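Sequence positions, counted from 1, serve as the residue numbers for this chain. Whatever order the structure lists them in is the order used to number ligands and atoms, beginning at 1. Since the model is a prediction, treat every value here as computed from it, not as a measurement. Worth knowing before you read on, the calculation uses all heavy atoms, side chains too, and leaves out hydrogens, waters and symmetry mates.
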Amino acid sequence: MIKIVVAGFKGRMGATATKMVIEHERFELVGVLDPHAQEKNLSEISDYQELNVPVFKEKETLVKSVVADAWIDFTIPKVAYENTYFALENKIAPVVGTTGFTEEQVASLIKLSKAQKTGGLIAPNFAIGAVLMMEFATKAVQYFPDVEIIELHHDNKLDAPSGTAVKTAEMMEEVRAKKAQGNPDEKETIKGARGADYEGMRIHSVRLPGLIAHQQVQFGGTGEGLTIRHDSYDRASFMSGVALGCEKVVELKELVYGLENLL
Ligand SMILES: NC(=O)C1=CN([C@@H]2O[C@H](COP(=O)(O)OP(=O)(O)OC[C@H]3O[C@@H](n4cnc5c(N)ncnc54)[C@H](OP(=O)(O)O)[C@@H]3O)[C@@H](O)[C@H]2O)C=CC1
Ligand SMILES: O=C(O)C1=N[C@H](C(=O)O)C[C@H](O)C1
């Protein structure tokens with residue numbers, strides 16, 4: 001059995017991941033973390049009355065109280081780096097879905113994981129379809145260097161652009177012919193009209209109630225266009241990737257960035 005803790009267990013993703021861990025035959029939920037939780041045990045929550053899983057408000061108390069192999073993190077961009085660093089320091093393999101990491105933070109966590117000989121995963125998107133979308137886009141951009149990313153999310157999202165959009169742009173940038181898109185003389189008459197600029201590629205972030213997580217990567221060429229689109233209609237779409245991450249990280253000796261590294 002892989003012993004797992006879930007940080008952010010009361011959030012939209014954390015609650016879905018907690019349920020997945022409880023129901024998974026090879027996982028054991030040994031603790032959950034939320035700084036504002038009122039409960040002391042999951043059994044106080046009506047769906048989980050039969051369980052005995054301690055609830056922690058501080059990560060320092062958690063590591064003193066339970067032994068864990070993997071740390072699922074769906075918290076907020078402000079604390080995810082600190083949490084991941086802490087998990088690695090304590091030789092608990094992080095499986096991180098929280099977005100908003102800088103390139104420098106990812107590099108520093110990979111370095112720490114190697115020093116600790118501890119596996120880990122930071123995956124901006126755990127949906128298999130989203131990973132395929134990123135890979136297909138990386139293929140397409142070699143033929144269509146003119147590309148814009150439009151990501152669409154629910155309006156409670158804290159970070160923009162999404163982690164998926166950033167990862168897609170990073171992957172495409174590695175193989176794309178350098179190019180600044182649009183008319184070199186173009187002027188924004190309203191600031192932000194052309195979206196964010198990542199190495200000449202534009203990223204547009206849409207936030208609307210009713211949405212979950214969607215992205216389209218739109219390419220333009222001479223007399224033709226290509227659109228690659230992924231939609232998560234339910235947060236369950238992320239769970240097979242989270243489960244795969246938990247099974248794989250305990251075998252690794254360093255942290256990897258992107259679920260594609262484990263498929
Ligand atoms: N990689 C992927 O496939 C996916 C990634 N995400 C990412 O996951 C993250 C979470 O998203 P979502 O669930 O929608 O957000 P929510 O706001 O619903 O959940 C975040 C939770 O984290 C809790 N939290 C805040 N600080 C801490 C802390 N120090 N320790 C433990 N928990 C803490 C919050 O608690 P409180 O409210 O009490 O402060 C809240 O319950 C986002 O960064 C999002 O982009 C989302 C979907 C898929
Ligand atoms: O906040 C979300 O909901 C999501 N966040 C991730 C991101 O920033 O890419 C993954 C997915 O898009 C859902």
Heavy-atom donor-acceptor pair, Gln105 side chain to Thr102 backbone, under 3.5 Å
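Confirmed, Gln105 side chain pairs with Thr102 backbone.
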Taking Glu44 for the side chain and Asn41 for the main chain, is one N or O donor matched with an acceptor at less than 3.5 Å?
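A pair under 3.5 Å: yes.
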Ligand 1 contacted by [X] (non-hydrogen, < 4.0 Å):
| X | result |
| --- | --- |
| Gly100 | no |
| Gly163 | no |
| Lys78 | no |

Starting from [atom], what is the nearest protein heavy atom, named by residue and atom, and what distance separates them?
| atom | value |
| --- | --- |
| atom 27 (C) of ligand 1 | Pro35 CD, 3.5 Å |
| atom 1 (N) of ligand 1 | Ala123 O, 2.8 Å |
| atom 46 (C) of ligand 1 | Met13 CG, 3.4 Å |
| atom 22 (O) of ligand 1 | Thr75 CA, 3.4 Å |
| atom 15 (O) of ligand 1 | Arg12 NH2, 3.6 Å |
| atom 21 (C) of ligand 1 | Phe74 O, 3.8 Å |
| atom 5 (C) of ligand 1 | Gly97 O, 3.0 Å |
| atom 23 (C) of ligand 1 | Gly8 CA, 4.0 Å |

Side chains of Glu170 and Tyr257: any donor to acceptor distance under 3.5 Å?
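Yes, side-chain donor-acceptor contact under 3.5 Å.
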Test item: side-chain donor near acceptor, Thr61 and Glu58, under 3.5 Å
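Yes, a side-chain donor-acceptor pair sits under 3.5 Å.
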Check this for me: does any side-chain nitrogen of one of [X] and [Y] sit under 4.0 Å from a carboxylate oxygen of the other?
| X | Y | answer |
| --- | --- | --- |
| Glu39 | Lys57 | no |
| Asp231 | Arg229 | yes |
| Lys178 | Glu173 | yes |

Region of [X] that comes within reach of ligand 1 [heavy atoms, distance under 4.0 Å]:
| X | value |
| --- | --- |
| Thr99 | both |
| Phe126 | both |
| Lys157 | side chain |
| Ala127 | neither |
| Ser162 | neither |

Of all the heavy-atom pairs spanning Thr98 and Pro77, show the shortest one and how long it is.
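Looking at all heavy atoms of both residues, the shortest contact is CG2-N, 3.8 Å.
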Looking at every non-hydrogen atom in both residues, tell me the closest pair between Arg176 and Glu199 and how far apart they are.
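Here Arg176 and Glu199 meet closest at NH1-O, 3.1 Å.
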His36 neighbourhood, listing ligand 1 atoms whose heavy-atom distance to it stays under 4.0 Å
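Here the atoms of ligand 1 in question are 36 (P), 38 (O), 39 (O).
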For Lys10, the ligand 1 atoms whose distance to one of its heavy atoms is below 4.0 Å
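Numbered from 1, ligand 1 contributes 41 (O).
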If you round to the nearest 0.5 Å, how far is CE of Met133 from CD of Gln215?
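Going from the CD atom of Gln215 to the CE atom of Met133 covers 4.0 Å.
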Is there a side-chain contact between Phe219 and Ile228 (heavy atoms, below 4.5 Å)?
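A side-chain contact under 4.5 Å exists here.
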Salt bridge (charged side-chain N to carboxylate O under 4.0 Å, His left out), that's the test. Do Glu254 and Lys111 meet it? Break it down for me.
CA-CA 8 Å; Glu254 65 181 83; Lys111 191 170 166 208; over 6 Å; no
Among Ile128, Asn125, Thr16, which one satisfies side chain to side chain contact (heavy atoms under 4.5 Å, CB included) with Phe238?
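It is Asn125; the other options fail the test.
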Applying side-chain hydrogen bond (donor to acceptor under 3.5 Å, both in side chains), can you list everything that pairs with Lys59, at least two apart in sequence or on another chain?
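Only Glu82 meet the side-chain hydrogen bond (donor to acceptor under 3.5 Å, both in side chains) criterion with Lys59.
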Using the side-chain hydrogen bond (donor to acceptor under 3.5 Å, both in side chains) criterion, which residues pair with Ser205? Sequence neighbours excluded.
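side-chain hydrogen bond (donor to acceptor under 3.5 Å, both in side chains) check on Ser205 returns Glu151.
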Ala7 N/O to ligand 1 N/O under 3.5 Å:
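No, there is no polar N/O contact under 3.5 Å.
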Strictly by ring pair (Phe, Tyr, Trp, His ring centres under 6.0 Å), give each pair with a member in residues 5-41 just once, sequence neighbours left out.
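Matches after skipping sequence neighbours: His24-Phe27.
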Ignoring hydrogens, tell whether any protein atom lies closer than 4.0 Å to atom 37 (O) of ligand 1; use the non-hydrogen atoms only.
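So far as the 4.0 Å threshold goes, atom 37 (O) of ligand 1 is out of reach of every protein heavy atom.
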Close N/O pairs between ligand 2 and protein, under 3.5 Å:
| residue | atom | partner | partner atom | Å |
| --- | --- | --- | --- | --- |
| ligand 2 | 1 (O) | Lys157 | NZ | 2.9 |
| ligand 2 | 3 (O) | His154 | NE2 | 2.9 |
| ligand 2 | 5 (N) | Lys157 | NZ | 3.1 |
| ligand 2 | 8 (O) | Lys157 | NZ | 2.7 |
| ligand 2 | 8 (O) | Gly163 | N | 2.8 |
| ligand 2 | 9 (O) | Gly163 | N | 3.3 |
| ligand 2 | 9 (O) | Thr164 | N | 2.8 |
| ligand 2 | 9 (O) | Thr164 | OG1 | 2.4 |
| ligand 2 | 12 (O) | His153 | NE2 | 2.6 |

